[in-house]
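Report on the following structure.
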Number of protein chains: 2
Amino acid sequence: MFPLNCVANCSALQDIDYKKTISLMDECRNVSPYLSAFKQQVEKMVVFDDEEWAIITTHLSLKTLGRKEHFVQSGEICKALGFIVTGSMRLYHIKDGTEKTSYFCTTNDFITSYKSFMKQEPSVSAIQALDDVLLITLEYNALQELLDNPVTARKMERFGRLLAEDLIFCYEDRMHGFITQTPEERYATLLHDNPSMLQQVPQHYLANYLGITATSLSRIRKRIFDTIKR
Amino acid sequence: MFPLNCVANCSALQDIDYKKTISLMDECRNVSPYLSAFKQQVEKMVVFDDEEWAIITTHLSLKTLGRKEHFVQSGEICKALGFIVTGSMRLYHIKDGTEKTSYFCTTNDFITSYKSFMKQEPSVSAIQALDDVLLITLEYNALQELLDNPVTARKMERFGRLLAEDLIFCYEDRMHGFITQTPEERYATLLHDNPSMLQQVPQHYLANYLGITATSLSRIRKRIFDTIKR
DNA sequence: TATTTTTCTTGTCTTATGTAAACGTTACAA
DNA sequence: TTGTAACGTTTACATAAGACAAGAAAAATA
């Protein structure tokens, strides 16, 4: 297991020094010990053979983020697609100076600021670690190389398509909830479909995700749990 | 120009007879006169050469829908990806017996019930024509053939990826609106970014799209236009 | 352990929204 | 012309949500 605590111990360092430290540490680190979960998730979509994996692997990097560190800042270009080996993250927007969380990712999920990454333009959203996080990353240039390489091109296009489609399915469901359900129904649905998320994530983040305020979510919870008791 | 009025004139016929009529009419119709707009939109994403277009074209069909006719019904498997040559359509869900519109498409847009089409499973949403509509369609099996054909496979995978990505960009923006904006701000944004849509679409559909009731939208409009007058 | 920060709940007040129903207008068909 | 259906607006009323503030509880940190 990767010693995540060594990251946490550095968290008093300033942002910039800290990042340098990590990137130097990364140089010495090989992706391979953490590849199995990554391969497993990728091969749910496309099965690559050994030759292809050999190429892909050389295009991957490891990245560690301490709690509250950013994968992308708002206004920055998102440089990589991430795969979360351990930990969890949130995606948020800034509105009137306050943060609005709109998405969560956890172990075995892929994460990126999609439009920013694919178009290499400044991101409107930021992505931040909720815990200490270990990521496998695929940088934009590395992805382009895999899409250009005749050995990997065809399957990488397909992988990209299926990854995008999964995100669409997720958005379709979520949008469906916003259009057809009340905030209370959306919370109840989440409680039913994804109870683990509710325990891992601070409520005020969750409130944003549901499109309401933290105050309102607290009252919804009270309403629901009072009803259950009765 | 395609004589859409001939479709409208049949609209008194029962659903099932009507559909038969149209499908018979379709047999005699060649896609080619309507291809240019389609090609233009596709080639914003991927440029196909003549040999590839020749193959693709044989996999396309034409479909006409009269006003209020359905492209997909809720619970049905969505059989095709559509490209709107003329007309406009809406996507809606049913909640407590009432319809909730969640998406609009118009000329030069691609439309499908994504999850249903890609997984060939029953659709949770329905897609209906708002006008008389002329569509170029690509059926699921035809798409699979293009993805299997070595001549077209690589570029079709890419086309699929880029089409999916465009939809993600659209969802990202929309979700951003739901998380960070009030209904009034969402309406104002739409008024600014897409004024033509507001004029083409009935307000009660628009209200659903914004996540509010028609009553509330009417009040919002009154507030906004009163403010402008002052 | 003690202290600080973050998170959650509660209360009050104000405002926006949903529901349901009524009304006027328009488009279309009988 | 008349009738019907669809659409947009308005009203009254009840409810829920937002803003703001205070305090409790929990978690992170020293």
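Numbered from 1 within each chain, the chains take letters A, B, ... in sequence-line order.
- Looking at A/S125 and A/H93, their side chains come closer than 4.5 Å, going by heavy atoms from C-beta outward.
- Side-chain atoms of A/S61 and A/E139 include no donor-acceptor pair closer than 3.5 Å.
- When all heavy atoms of A/A80 and A/T112 are compared, the closest pair comes out as O-OG1, 3.0 Å.
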(request) Give DNA chain C the dot-bracket treatment, 5' to 3': Watson-Crick (N1-N3 with N6-O4 or O6-N4) or G-U (N1-O2, O6-N3) under 3.5 Å, [ ] crossing, | other strand. (result) ||||||||||||||||||||||||||||||

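- Here the shortest heavy-atom pairing between B/P183 and B/I220 reads CB-CD1, 3.9 Å.
- Taking atom CG of residue B/D96 and atom P of nucleotide C/dT19, one finds them 9 Å apart after rounding to whole Å.
- Contacts with DNA chain D (heavy atom under 4.0 Å) in residues 210-220 of chain B: B/T215, B/S218, B/R219, listed by number.
- The separation between A/L130 atom CG and C/dT6 atom P is 15 Å, rounded to whole Å.
- Between B/Y209 and B/F104, the ring planes are tilted. Angles from 30° to 60° get that label.
- Rounded to whole angstrom, the span from the NZ atom of A/K100 across to the P atom of D/dG18 amounts to 8 Å.
- Residue A/Q203 places at least one side-chain N or O closer than 4.0 Å to OP1 or OP2 of C/dT9.
- Atom CG in A/L198 sits about 17 Å away from atom P in C/dT7, given to the nearest Å.
- Nucleotide D/dT9 holds its C1' atom 14 Å from the NE2 atom of B/H204, rounded to whole Å.
- In summary, the side chains of B/S113 and B/S123 do present a donor paired with an acceptor at a separation below 3.5 Å, with no hydrogens or angles considered.
- In this structure, a donor-acceptor pair under 3.5 Å is absent between the side chains of B/S218 and B/Q203.
- One atom, CZ of A/R186, and another, P of D/dA17, lie 9 Å apart when rounded to the nearest Å.
- Taking 4.0 Å as the cut-off between side-chain N and carboxylate O, A/E184 and A/R219 do not count as a salt-bridged pair.
- Straight-line distance from the CZ atom of A/R221 to the C1' atom of D/dA16: 18 Å, rounded to whole Å.
- A cation-pi contact links A/R90 to A/Y92, judged by a cut-off of 6.0 Å to the six-membered ring centre and 45° from its axis.
- Mapping B/Y205 and B/K222 onto DNA chain D by nearest heavy atom places B/Y205 closer to the 5' end of the strand.
- Between B/R223 and C/dT17 there is a side-chain N or O to OP1 or OP2 distance below 4.0 Å.
- One can place CZ of B/R90 at 9 Å from P of D/dC7, the figure rounded to the nearest angstrom.
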